K.L.:
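After the structure tokens below, expect a handful of questions from me.
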Amino acid sequence: MPWLSTLMGVSVLGALGVTLIRNDKLAKQFTLLVSLIVLALTVTMAVQFSPNGDQWQFQENHSWIPAFGVNYSLAVDGIALVLILLSVILVPIVVLASWHDAEKGKRSVRTYFSLILVLEAMMIGVFAATDVFLFYVFFEAMLIPMYFMIGSYGGPQRAYASVKFLLYSLFGGLLMLVAVIALYSIAGKNTFMLSDLIGTIQDVNTQKWLFLGFFVAFAIKAPLWPFHTWLPDAAAQAPAGAAVLLVGVLDKVGTFGMMRFCLQLFPDAAAYFTPLVIVLAVIGVIYGAIVAIGQTDMMRLIAYTSVSHFGLITLGVFAMTKGNPGAQDAGTGATLYMVNHGFSTGALFLIVGFLIYRRGSKFIPDYGGVQKVAPILAGTFLVAGLSSLSLPGLSTFVSEFMVLAGAYRLHVPATVIATMGVILAAIYILWMYQRTMNGPTAESVKTLPDLNAREKWVVAPLVALLLVFGFYPKPLLDVINPAVKDTLSSVSVTADQAAAAPGVKEGK
Amino acid sequence: MEAAEIASITQHSGGAIGAAWLMIALPLVGAAVLLLGGRRTDKFGHLLGVLMAVASFVVAALAFVQLLGFAPGERRRGVSLFEFIPGLVDKVGLLVDPLSISFCLLITGVGSLIHVYSIGYMAHDPNRRRFFAYLNLFVAAMLLLVLADNYLALFVGWEGVGLASYLLIGFWQHKPSAATAAKKAFIVNRVGDVGLLIAMFTIFATFHSLTFSGVLDRAGDASQGTLTAIGLLLLVGACGKSAQLPLQSWLLDAMEGPTPVSALIHAATMVTAGVYLIVRSGPIFEGTGTAQLVVTIVGVATLLAGAIIGTAKDDIKKALAGSTMSQIGYMVLAAGVGPAGYAFAIAHLITHGFFKADMFLGAGSVMHAMNDEVDMRKYGGLRKVMPITFATFLVGYLAIIGFPLLSGYFTKDGIIETAMEHSAVLGWLAVLGAGITGFYMSRLVFMTFFGKKRWDAKAHPHESPAVMTVPLLLLSIGSIALGAYLILGNRFMIFLSPAVGAPEHLPEFHPFSAPGLATLALVAIGAAFAWLRYGAAEVPATAPRGSFLTTFARRDLYGDALNEALFMRPGQWLTRLAVFFDNRGVDGLVNGLAASIGGSSGRLRRVQTGFVRSYALSIFVGAAVLVGAWFVVGNL
């Protein structure tokens, strides 16, 4: 059974179906149903995935543009699988959370929900594509539904934010396109298949140029410092649900792309640029956190925390380059981080979204003492915040620890500086919590209702996932670890290197 | 009885030791039920909380008895739980050994008493259920901290107690001061956590393991430099959790929490976690004289600093908090000495757990009677209206100043004697600290229970109910007898030796040694001086200005001022700069770039109107570039 095409097909058909339904409420329920079906199908597929089997599973391969050797080629390894799972888990949650978000403006409610399903198909495609050209197509096409979700349903400055988002992404995408085509030409094998292209570019200088083409696109997408400035605007103007998909999933394509394409296709260039990238990543960790501390707009604040977290993910990805005995831990940690960050930031955006929906303001000074009137909202907000500061016991800690412990094996000063980020994380989260939830209850929030049943259903699965994988991350790690190992074999770091570590003298 | 060598760990899965995970699970379930159950559990929440703590104590006691049944060389039992992170920590397990079980008994024993006491103390609080949920959460996390068989799981408990502490300090979160104190405690602790995290990274890079057996048994294989680095980093972590210099500043503010919290978390148990960490990591510290030296210096500096702060506080809880800092300083000092000091460090930790909890709960009882007044200048003469509170407090007081034959006498004397043998300078400074303790604790007792009544007109002090006084009585018994029981005949040192080792020659107890007599003399002088100033003389209702030394002590030795000048203000400045830079600099630059590509900023603005058209335009431009690129590359 062509699982991956089926998943995408159900989403696309669902999106079409939504536009046909005249009744808004029915359309919403239908969207929820479709997203749940996709979730159920994906889980069924994931159960059949054998972690220690072939690297690529559920393969589909059809010739698409034979003249250029372009294939419609899909498959997943453990890394792609967990990211697809992340996407399809977030979609129904976002649908449920966005129930009333599209109603305020004049735009069609149905279209908003239809766009979510279109986006879902694209997200599955972008992670599953094993043909570089197909990946590029999804990479660009993904922008379209997101552009409309921000531009049509966003906040007062949505036009500015959405165009900024689009221009940044298009700019990166074009660089990547040039690199894709150059890669195709130079490799000269009349194919875009990733597996055929790995190892074909031997010349280091060529590798460097092509690496940059891909890397800048991914760095903008991720976003890595200093390419990050579109994100706070986009996230602050987007409806909360769109922000979740944007930061939780779309941005992951950046770090995912670095791992899959930059490292595997151009390992020598990746090794060459590693010091530079790690410096940028560490700057991002600290800089994002400091700027987050200084925000008064909650949505922007969360966006900046993500800049900090993406710095850590990038650190983990580039700790996978040659010569690092901790490459396996760093790579697995980075992948797990992408998943956990989706749940953690997703929860944070959605709960803040609920808060903003109630009070009509994104600004921290407009709140105070909400804990007293809405204890459940405050409690879940705190849990989401604690996951953002990577409190042990929540899944984000596992991934952060793995990234840092893995990176530390080779990049000691960089990791030490990045670790300082945990102090800053405590400051930005707890200070935001204190200013909004603690203290005397502000007059303007005295009548705020607590979470309703629908909102509890939105938050509960996220909190449960954060907790379960915090104490028992093994199911995810068992899927990710072999895939990272396979990836590392392309980056020519082998497990043997991991065995030889500094610091231990032989005998005594 | 002879001391044993450090034993290797036997895997074991039977009886109460095999069920040691229940100790953690029971209070955790309690916390979960009370938090998720919400208002529905209001009626019985406090009872469930107490039940879970007591049940945990029963498991601990059974495990203790079972452990005693084994030969000393077999008293380290590993309990394997579940697979965690393949490659880093393959399996999480518990380690039940003399060290961890001592902590378990203290945490669940004193913890249960404080749970019971809280029924009365929090009786009128509408959120009492939530209070008990957090207390249960704390007990679970603290037990994980001491029972974990590896550093990573220890860290989970370590941060878990930090979270519980945050929630409980800020329990009355409508008070801005409480919310701020809670946040401060968490953040300062995180500074220590960075040390512990980097220590773990270094440990893993060096030993490829994070389990105690995998690391500590092979500590000798690592180079001295590596061990020093790990030791100092662990110390940073310990300083944060145990409020040792220079990370002490949060503890005094933490007194914003309800008093049972101060007793349980900020006196008896959590703040001693740093001592546990150092003793548990003994083989690392024993391999590096440098780290040990720094540990002892930190300990002595803090024991003096805490004592000096204690002399100047009029707030009864803050005076006790200064005292806690100081007493933990003694423990850290002993832990830095090595195997000769470990048993005394932990013994003092246990007796301190009893007498300090006793006094904190006593202070709570006083506050309960005095409309939550904490200023000792408004107390006075309370011994007559609160006889049980007074008597139990007096026992705790005599124990802490080291009155002969009470608990603190034996355990603190052990630390002083050990330190003296290690280094005369450290030893005499510890004696000096004991003298100051004699002064400030006497001051506290005289101001509170003796002299004239200086009460507010509205205060009608009364003895607390039995639910509060019975725990006080039980804690007093421990404060009286535990020290002699543990120290005489080196009972505790021998018991602990399979876990932490012991010195080659077991120490002998000399009641009339020079340091011992000097300590007693100094304590007596301190107490007498306090009597002259605060017992015999009138206590002014407002604090006199005092010398610059008094101000120095009142301002917590300018710890906060230092933090503000060094970190907070530059931090605020940096934050503002970064926000400005991000808005104008990075963004401005990129926008400018984009605008110049687009022709002019006016063009960009026009693009931003009418979004569909602009999108179409962008796509068109994009497509044009795309095709252009195609041709360029195609012609290569």
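Treat the numbers as computed from the prediction; the structure is a model and nothing was measured. Just so we're on the same page: letters track the sequence lines, and every chain starts at 1.
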K.L.:
Taking C-beta and beyond as the side chain, do B:Leu577 and A:Ile290 meet within less than 4.5 Å on heavy atoms?
P.N.:
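No, side chains not in contact.
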
K.L.:
Using non-hydrogen atoms and a 4.5 Å limit, figure out which bit of B:Leu227 sits close to chain A: side chain, backbone, both or neither.
P.N.:
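Contact with chain A: none, neither part.
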
K.L.:
Within a strict 4.5 Å, meaning less than it, do heavy atoms of the A:Tyr408 and B:Leu197 side chains meet?
P.N.:
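The answer is no; the side chains never approach within 4.5 Å.
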
K.L.:
Do A:Tyr428 and B:Thr575 have side-chain heavy atoms sitting under 4.5 Å apart?
P.N.:
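No. Closest side-chain heavy atoms not under 4.5 Å.
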
K.L.:
Any non-hydrogen side-chain atom of B:Pro86 less than 4.5 Å from a side-chain atom of A:Asp478?
P.N.:
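Counting from C-beta outward, B:Pro86 and A:Asp478 do come under 4.5 Å.
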
K.L.:
Could you report the tightest heavy-atom contact between A:Tyr287 and B:Ala578, atom names first, then the distance?
P.N.:
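Here A:Tyr287 and B:Ala578 meet closest at OH-O, 3.9 Å.
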
K.L.:
Determine the minimum heavy-atom distance between A:His228 and B:Asp582, stating which atoms define it.
P.N.:
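Smallest interatomic distance, heavy atoms only, reads NE2-OD1, 2.6 Å.
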
K.L.:
Are the side chains of B:Ile85 and A:Met402 in touch, meaning some heavy atoms are under 4.5 Å apart?
P.N.:
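Side chain of B:Ile85 against side chain of A:Met402, heavy atoms only: contact under 4.5 Å found.
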
K.L.:
Could you report the tightest heavy-atom contact between B:Val194 and A:Met420, atom names first, then the distance?
P.N.:
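In this case the closest contact between B:Val194 and A:Met420 is CG1-SD, 4.1 Å.
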
K.L.:
Is it the side chain or the backbone of A:Leu424 that comes within 4.5 Å of chain B heavy atoms, both, or neither?
P.N.:
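When you check distances to chain B, no heavy atom of A:Leu424 falls under 4.5 Å.
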
K.L.:
Do you know the tightest heavy-atom contact between B:Glu83 and A:Tyr472?
P.N.:
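Looking at all heavy atoms of both residues, the shortest contact is O-CE1, 3.4 Å.
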
K.L.:
Looking at A:Pro375, A:Gly379, A:Gly369, A:Gly439, which one has more heavy-atom pairs under 4.5 Å with chain B than the rest?
P.N.:
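So the answer, after comparing A:Pro375, A:Gly379, A:Gly369, A:Gly439, is A:Gly439.
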
K.L.:
Distance from B:Leu167 atom CG to A:Leu382 atom CG, nearest 0.5 Å?
P.N.:
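Answer rounded to 0.5 Å: 6.5 Å.
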
K.L.:
Going by the rule side-chain hydrogen bond (donor to acceptor under 3.5 Å, both in side chains), which residues pair with B:Glu256 if we only count those two or more places apart in sequence or in a different chain?
P.N.:
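Only B:Lys175, B:Ser177 meet the side-chain hydrogen bond (donor to acceptor under 3.5 Å, both in side chains) criterion with B:Glu256.
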
K.L.:
Look at A:Leu404, A:Ile376, A:Val416 and state which one has the largest set of heavy-atom pairs under 4.5 Å with chain B.
P.N.:
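Going by pairs under 4.5 Å, I would pick A:Leu404.
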
K.L.:
To the nearest 0.5 Å, what is the distance between CG on A:Leu386 and CD on B:Glu159?
P.N.:
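Taking CG in A:Leu386 and CD in B:Glu159, the distance rounds to 10.0 Å.
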
K.L.:
I want to check something: taking the side chain as every heavy atom from C-beta on, are A:Trp431 and B:Lys183 in contact at a cut-off of under 4.5 Å?
P.N.:
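In short, these two side chains touch, coming nearer than 4.5 Å.
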
K.L.:
Shortest non-hydrogen contact from B:Phe204 to A:Arg409?
P.N.:
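Minimum heavy-atom separation between B:Phe204 and A:Arg409: CE2-NH1, 3.4 Å.
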
K.L.:
Just jot down the side-chain contact (heavy atoms from CB on, under 4.5 Å) partners of A:Ser395, sequence neighbours excluded, or say none.
P.N.:
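A:Ser395 satisfies side-chain contact (heavy atoms from CB on, under 4.5 Å) with A:Asn340, A:Leu466, A:Phe469 once adjacent residues are dropped.
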
K.L.:
Where do A:Gly393 and B:Val156 come nearest, in terms of heavy atoms and distance?
P.N.:
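So the minimum-distance heavy-atom pair works out to N-CG1, 4.1 Å.
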
K.L.:
Quick one: what part of A:Arg435 sits under 4.5 Å from any heavy atom of chain B, side chain, backbone, both or neither?
P.N.:
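Neither part.
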
K.L.:
Which residue out of B:Val188, B:Ile187, B:Asn189 racks up the most heavy-atom pairs below 4.5 Å with chain A?
P.N.:
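The residue among B:Val188, B:Ile187, B:Asn189 with the greatest pair count is B:Ile187.
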
K.L.:
Of the listed residues (B:Arg190, B:Gln572, B:Met200), which shares the most heavy-atom pairs with chain A below a 4.5 Å separation?
P.N.:
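Between B:Arg190, B:Gln572, B:Met200, the count favours B:Arg190.
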
K.L.:
Where on A:Ser390 is there a heavy atom nearer than 4.5 Å to chain B: the side chain, the backbone, both, or neither?
P.N.:
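For A:Ser390, the backbone is the part near chain B, not the side chain.
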
K.L.:
Which atoms of B:Leu210 are under 4.5 Å from chain A, going by heavy atoms: the side chain, the backbone, both sets, or neither?
P.N.:
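Interface part for B:Leu210: side chain.
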
K.L.:
Just checking A:Trp209: does its CH2 atom have more than 12 heavy atoms from other residues, nucleotides or ligands closer to it than 6.0 angstrom?
P.N.:
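Open: at most 12 neighbouring heavy atoms sit under 6.0 Å from CH2 of A:Trp209.
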
K.L.:
Relative to chain A, which segment of B:Leu152 carries a heavy atom at a distance below 4.5 Å: side chain, backbone, both, or neither?
P.N.:
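For B:Leu152, side-chain heavy atoms alone lie under 4.5 Å from chain A.
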
K.L.:
For the interface with chain A, which of B:Val92, B:Leu35, B:Val191, B:Asp193 has the highest count of heavy-atom pairs at distances below 4.5 Å?
P.N.:
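Answer, by heavy-atom pair count under 4.5 Å with chain A: B:Val191.
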
K.L.:
Give the member of A:Lys372, A:Lys474, A:Met437, A:Arg158 that has the highest number of heavy-atom pairs under 4.5 Å with chain B.
P.N.:
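Between A:Lys372, A:Lys474, A:Met437, A:Arg158, the count favours A:Lys474.
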
K.L.:
Counting only non-hydrogen atoms closer than 4.5 Å, does A:Leu477 touch chain B with its backbone (N, CA, C, O), its side chain (CB onward), both, or neither?
P.N.:
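Interface part for A:Leu477: side chain.
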
K.L.:
Tell me, with the steps shown, if B:Phe82 and A:Phe471 meet ring-ring contact (aromatic ring centres under 6.0 Å, His included).
P.N.:
CA-CA 10 Å; B:Phe82 59 88; A:Phe471 283 97; 7.7 Å; no

K.L.:
In the structure I gave you, are the side-chain heavy atoms of A:Phe401 and B:Phe201 within less than 4.5 Å of one another anywhere?
P.N.:
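Answer yes - side chains close enough.
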
K.L.:
Any side-chain heavy atom of A:Gln295 within less than 4.5 Å of one from B:Val579?
P.N.:
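Touching, per the 4.5 Å side-chain cut-off.
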
